[in-house]
Engineer: 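Got a structure for you, written out below as C-alpha cells; questions coming shortly.
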Amino acid sequence: MRYQIRVRGRLGRTMRAAFPALDAQVHGEDTVLAGVLADQAALYGALAQLEALGLELLEVRRESPGGVTPPHPAANDAEAS
C-alpha cells in the first residue's frame, strides 16, 4: 500500500536517509514522505522512527492503487447528519 506521511519542518539529508523506502518532498514548511510500505507493520515501523527522531507527525494518508486517497468512512457519516 502507498502512504503519504506529513511531518512538521524541512528534513535534511540525514533525516531523509532514515526513511530509505520513502521519497521526501517539501511542501511549504512541512515535509511529505511518500512511498510503498509492505504492510501495517512497516507503517508502524516508519511511525516509530519518526517518534525516535523527535519529528512531529501531522498527517498520514493511505493512497488507493489509482493514486486517490479514499475518504474516511466517518466523513460520510458526518455529512449525512
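Note that these values count all heavy atoms, side chains included, but never hydrogens, waters or copies made by symmetry. Note that the structure is predicted; figures quoted are calculated from it, not measured.
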Engineer: Can you confirm whether M15 sits close enough to L55 that some side-chain heavy atom of one is under 4.5 Å from a side-chain heavy atom of the other?
Structural biologist: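 With C-beta onward as the side chain, the pair touches.
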Engineer: Do L57 and M1 belong to the same hydrophobic cluster, where Ile, Leu, Val, Met, Phe, Trp and Tyr are linked whenever their side-chain heavy atoms lie under 4.5 Å apart, directly or via other members?
Structural biologist: yes
Engineer: For R6, check salt bridge (Lys or Arg N to Asp or Glu O under 4.0 Å) against everything at least two apart and list the hits.
Structural biologist: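 Scan of R6 (salt bridge (Lys or Arg N to Asp or Glu O under 4.0 Å), adjacent residues dropped) gives D30, E59.
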Engineer: Name all residues meeting the side chain to side chain donor-acceptor pair (under 3.5 Å) criterion together with Q49; count only those two or more places apart in sequence or in a different chain, and write none if there are none.
Structural biologist: none
Engineer: Under the salt bridge (charged side-chain N to carboxylate O under 4.0 Å, His left out) rule, what pairs show up with a residue in residues 9-25, not counting sequence neighbours?
Structural biologist: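 Matches after skipping sequence neighbours: R10-E29.
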Engineer: Kindly indicate whether the side chain of I5, heavy atoms from C-beta on, has any atom under 4.5 Å from the side chain of F19.
Structural biologist: no
Engineer: Does R2 form a side chain to side chain contact (heavy atoms under 4.5 Å, CB included) with R62? I'd like the steps, not just the answer.
Structural biologist: CA-CA 6 Å; R2 184 168 173 80; R62 182 185 69 186; over 6 Å; no
Engineer: Determine, step by step, whether V7 and L50 satisfy the side chain to side chain contact (heavy atoms under 4.5 Å, CB included) criterion, reporting the C-alpha distance in whole Å, the side-chain angles of both residues, the deciding distance to 0.1 Å, and the verdict.
Structural biologist: CA-CA 8 Å; V7 296; L50 289 173; 3.6 Å; yes
Engineer: Indicate every side-chain donor-acceptor pair of residues 31-43 with a distance under 3.5 Å to a residue at least two apart or in another chain.
Structural biologist:
from: T31; atom 1: OG1; to: G9; atom 2: O; distance (Å): 2.7
from: T31; atom 1: OG1; to: L11; atom 2: N; distance (Å): 3.1
from: D39; atom 1: OD1; to: A41; atom 2: N; distance (Å): 3.2
from: D39; atom 1: OD1; to: A42; atom 2: N; distance (Å): 2.9
from: Q40; atom 1: NE2; to: Y44; atom 2: OH; distance (Å): 3.0

